[in-house]
4 protein chains.
Amino acid sequence: MHDSKEPRPHTGRRRNEAARRAILDAALDLLADADGAPVSVETIARAAGVGKQTLYRWWPSKGAVLLEALTDRAAQEVPTPDTGSLREDLRALATATFETSQRPPSAPALRTLVREAARDPHLAELMGEFTKTRRAAVRAVLVRGRERGELPAGRDVELLVDQFYGFFWYRFLLGHGPLDRDTAVRLADSLIE
Amino acid sequence: MHDSKEPRPHTGRRRNEAARRAILDAALDLLADADGAPVSVETIARAAGVGKQTLYRWWPSKGAVLLEALTDRAAQEVPTPDTGSLREDLRALATATFETSQRPPSAPALRTLVREAARDPHLAELMGEFTKTRRAAVRAVLVRGRERGELPAGRDVELLVDQFYGFFWYRFLLGHGPLDRDTAVRLADSLIE
Amino acid sequence: MHDSKEPRPHTGRRRNEAARRAILDAALDLLADADGAPVSVETIARAAGVGKQTLYRWWPSKGAVLLEALTDRAAQEVPTPDTGSLREDLRALATATFETSQRPPSAPALRTLVREAARDPHLAELMGEFTKTRRAAVRAVLVRGRERGELPAGRDVELLVDQFYGFFWYRFLLGHGPLDRDTAVRLADSLIE
Amino acid sequence: MHDSKEPRPHTGRRRNEAARRAILDAALDLLADADGAPVSVETIARAAGVGKQTLYRWWPSKGAVLLEALTDRAAQEVPTPDTGSLREDLRALATATFETSQRPPSAPALRTLVREAARDPHLAELMGEFTKTRRAAVRAVLVRGRERGELPAGRDVELLVDQFYGFFWYRFLLGHGPLDRDTAVRLADSLIE
DNA sequence: ATTTAATCGAGACGGTACGTCATGTCTTCGG
DNA sequence: CCGAAGACATGACGTACCGTCTCGATTAAAT
């Protein structure tokens with residue numbers, strides 16, 4: 001995997017990009033392999049062929065490493081569809097969210113990450129940052145739809161956003177129901193009647 | 001707390017109910033005090049004035065103790081309201097769920113418990129049993145409503161159940177939005193239009 | 001030859017000499033205070049202000065710690081008297097052996113150590129190394145005496161060595177008879193008639 | 001061996017001799033199998049098909065069980081040879097002592113027993129009783145010899161007794177030298193010149 | 001003949017110690 | 001000054017025995 005035996009060259013006093021990559025790659029691999037089981041700092045360091053201190057020097061916590069490992073590969077741009085139709089936009093968002101979450105290496109790694117976040121307040125906060133953007137996308141779509149009159153006046157946008165993501169995380173973490181394209185459409189439709 | 005100095009009497013070769021109670025009480029107290037922070041087996045044992053082995057003898061995992069600590073006190077009967085109106089039933093369920101979750105000692109203890117479940121597959125499974133009953137109540141209400149024609153034909157009951165509990169857990173764990181009576185009503189209404 | 005493994009350049013933090021000393025000092029104190037009673041690893045670690053792991057890192061067993069604690073202070077040079085007279089040499093050895101064993105902190109610590117060795121095969125082996133040197137000294141004196149004709153030809157040197165140390169340990173551990181200077185002289189004389 | 005499945009019959013309020021036998025037999029077996037390794041009370045009880053309390057009811061300590069296990073089978077009469085010759089008597093004693101100690105099941109069991117005694121002061125005391133008789137035999141032989149003038153006047157009998165048994169235990173426990181018939185003869189001769 | 005009382009197997013109990021593991025900090029060295 | 005290596009204090013983990021205690025069944029002795 002990353003166990004090429006020729007040692008990484010040191011880079012003296014600048015940050016070693018190769019070490020950073022090795023760490024993130026190792027972390028992502030472990031995150032994915034673990035599928036929920038905890039990932040220790042020592043394991044990451046060993047797998048990356050790196051000292052623990054190098055981890056602690058550059059990231060404030062294990063969670064931060066894991067989060068970055070997961071996110072730096074994923075396309076970070078969160079698309080905010082704007083088709084002119086609330087229904088279509090919402091369907092697109094739901095479909096994209098569900099699909100991304102199912103594709104490796106995301107799925108197991110993400111699950112592990114959330115498990116870790118449950119224990120690590122720091123990581124939880126970072127995850128909050130991470131999800132804020134995505135919540136904003138859903139909110140934007142809803143607000144736009146409401147302005148176009150596609151949403152009854154009384155509807156609470158925050159409530160809908162939480163229904164959207166609440167449903168998603170619930171199914172994602174418990175895994176008791178599908179997160180397929182059909183479900184995405186039904187969820188989107190359900191939210192706007 | 002439980003530090004009455006007269007020692008618990010032994011009960012011979014039968015399980016000692018007093019020890020069981022002491023453990024569950026101690027666990028619940030710690031669970032509540034911790035508010036999310038992990039609770040160690042040693043701490044529970046010490047607080048209960050009990051040897052660790054007594055814990056391991058009767059519960060397969062720490063999580064199992066915590067879950068039982070939380071649930072054996074709570075009224076376990078899950079009420080399934082049946083007012084004849086889907087809207088009313090659902091509002092009642094949501095209101096009850098939210099309220100219970102906010103009342104001490106439940107709230108912090110429950111949060112800790114879920115945190116632990118994120119790490120402990122065994123506990124996760126036990127939690128699944130625990131929530132199954134509650135899901136069933138929501139499902140029953142929805143099915144009854146559909147049979148009365150209060151729910152549009154195409155609606156997917158499982159989807160709605162997951163929206164209900166997904167929303168609840170999402171807000172409960174993240175704590176970024178209220179779980180008050182008003183929210184309960186809005187959620188209930190939102191689910192059936 | 002170049003097939004020797006490149007010696008690891010020993011990067012990494014060095015062994016903490018202060019911790020080593022603290023452990024050995026604590027162990028010796030406890031060994032002496034215990035006077036035969038078992039000494040636990042946890043106690044040593046706590047007394048030394050050290051993590052248990054630090055003990056397990058550097059010593060293969062508790063016994064090894066105890067032995068080192070006892071021996072690193074004692075002058076390890078075993079004097080081999082050579083007065084030209086077998087009788088005098090043997091008397092000197094016996095006197096020295098008995099005296100050392102009675103002087104604190106040796107006596108109670110040594111007793112504890114032997115008790116531990118009875119349970120810990122690893123320690124027993126280490127003790128064997130430790131005593132080998134002392135046996136050698138007695139043997140050397142006897143062989144020299146035999147060469148000078150001070151020992152009847154037929155005498156078995158190994159037998160005499162074991163009589164010497166057998167007697168010593170027997171009295172030392174059981175404590176039913178004195179190990180004073182007079183006894184030393186009588187033992188020495190008894191061995192060579 | 002002792003795992004006949006038909007349960008021992010109860011004997012009501014009298015001590016159950018069958019249980020006593022089962023315990024001693026199991027203890028001796030374990031003592032022999034262990035060859036130095038510790039033998040736990042629970043193990044004895046389980047092997048004997050007996051409750052722990054039955055052990056603690058009849059013996060003050062684990063050591064007492066082990067000692068009785070070892071001794072009740074052995075012929076307890078300690079022969080005091082009286083041939084009229086000190087040399088012959090001493091040779092006979094040494095030979096008998098060495099031989100008994102080598103014969104199964106004695107050897108490994110005895111070794112284990114002594115190991116335990118090193119930790120258990122109670123057992124050590126019991127062992128003292130046990131050995132007192134044997135010491136007395138050696139002492140009697142020596143005294144008789146001295147009265148016959150076979151022992152130089154100045155000789156200290158206690159010193160000789162301790163040389164005799166010190167040598168024996170030293171070799172027996174450390175196992176670095178033989179305890180055969182020839183050695184017995186040499187030891188005996190060495191003690192009286 | 002009916003109590004009474006002690007034994008037995010079983011095993012739960014409160015403890016102590018074990019040896020392992022992971023955490024996050026600190027220290028040393030080579031590049 | 002960076003990066004690898006790894007020692008360090010801390011503290012939880014789950015296991016093994018310890019010696020005490022209490023059961024419920026059994027059976028001999030005392031009433």
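Residue numbering restarts at 1 for every chain, and letters A, B, ... go by the order of the sequence lines. From a predicted model like this one, the values you see are computed outputs, not experimental measurements.
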### Task
Let me know the distance between CH2 of D/Trp58 and C1' of E/dG9, rounded to the nearest Å.
15 Å
### Query
Roughly, in whole Å, what's the span from CZ in B/Arg21 to P in E/dA12?
20 Å
### Task
For B/Glu116 and F/dC13, give me the distance from atom CD to atom C1', rounded to whole Å.
13 Å
### Query
To the nearest Å, how far apart are A/Leu55 CG and F/dG6 C1'?
14 Å
### Query
What pairs with B/Arg14 under salt bridge (Lys or Arg N to Asp or Glu O under 4.0 Å), at least two apart in sequence or on another chain?
none
### Query
Among F/dA7, E/dG9, E/dC8, which nucleotide sits nearest the side chain of D/Asn16?
E/dC8
### Query
Over how many whole Å does the gap from A/Trp59 atom CH2 to E/dT23 atom P extend?
16 Å
### Message
What does the B/S/- profile of nucleotides 19-25 of chain F look like, 5' to 3', with a 4.0 Å heavy-atom cutoff to protein?
### Response
BBBBBSB
### Query
Counting side-chain heavy atoms from CB outward, which of F/dA12, F/dA9, E/dC8 is closest to B/Ser40?
F/dA12
### Task
May I have the distance from D/Glu17 (atom CD) to E/dT7 (atom P), rounded to whole angstrom?
14 Å
#### Entry: Worked check of side chain to side chain contact (heavy atoms under 4.5 Å, CB included) between B/Arg111 and B/Leu31
CA-CA 9 Å; B/Arg111 228 178 306 269; B/Leu31 220 33; over 6 Å; no
### Message
Please confirm whether the shortest side-chain N or O distance from C/Arg57 to OP1 or OP2 of F/dC8 is below 4.0 Å.
### Response
yes
### Message
Pick the closest DNA chain E nucleotide for C/Thr43 and for B/Ala19 by heavy atoms, then say which residue is nearer the 5' end.
### Response
B/Ala19
### Message
Looking at every non-hydrogen atom in both residues, tell me the closest pair between D/Ala18 and D/Asn16 and how far apart they are.
### Response
N-OD1, 3.0 Å
### Query
Does the pair D/Met127 and D/Val114 meet the rule for a side chain to side chain contact (heavy atoms under 4.5 Å, CB included), with working shown?
CA-CA 8 Å; D/Met127 292 274 304; D/Val114 177; 4.0 Å; yes
### Query
Of the non-hydrogen atoms in C/Leu123 and C/Ala117, which two are nearest, and what is the gap between them?
CD2-N, 3.5 Å
Mind listing the side-chain donor-acceptor pairs of residues 45-69 of chain D below 3.5 Å, one per line with the distance, residues two or more places apart or on another chain?
from    : atom 1 : to      : atom 2 : distance (Å)
D/Trp59 : NE1    : D/Glu68 : OE1    : 2.6
D/Ser61 : OG     : D/Gly63 : N      : 3.3
D/Ser61 : OG     : D/Ala64 : N      : 3.2
D/Lys62 : NZ     : D/Val39 : O      : 3.0
D/Glu68 : OE2    : D/Arg20 : NE     : 3.4
D/Glu68 : OE2    : D/Arg20 : NH2    : 2.9

### Euclidean distance, atom CD1 of residue B/Ile23 to atom P of E/dG15 [Å, nearest integer]
12 Å
### Task
Could you tell me whether the phosphate oxygens of F/dA7, OP1 or OP2, come under 4.0 Å of any side-chain nitrogen or oxygen in C/Thr54?
no
### Message
Measuring only between side-chain heavy atoms, which start at C-beta, is B/Arg115 closer than 4.5 Å to B/Pro38?
### Response
no
### Message
Whole angstroms only, please: what is the CZ-P distance between D/Arg20 and E/dG9?
### Response
14 Å
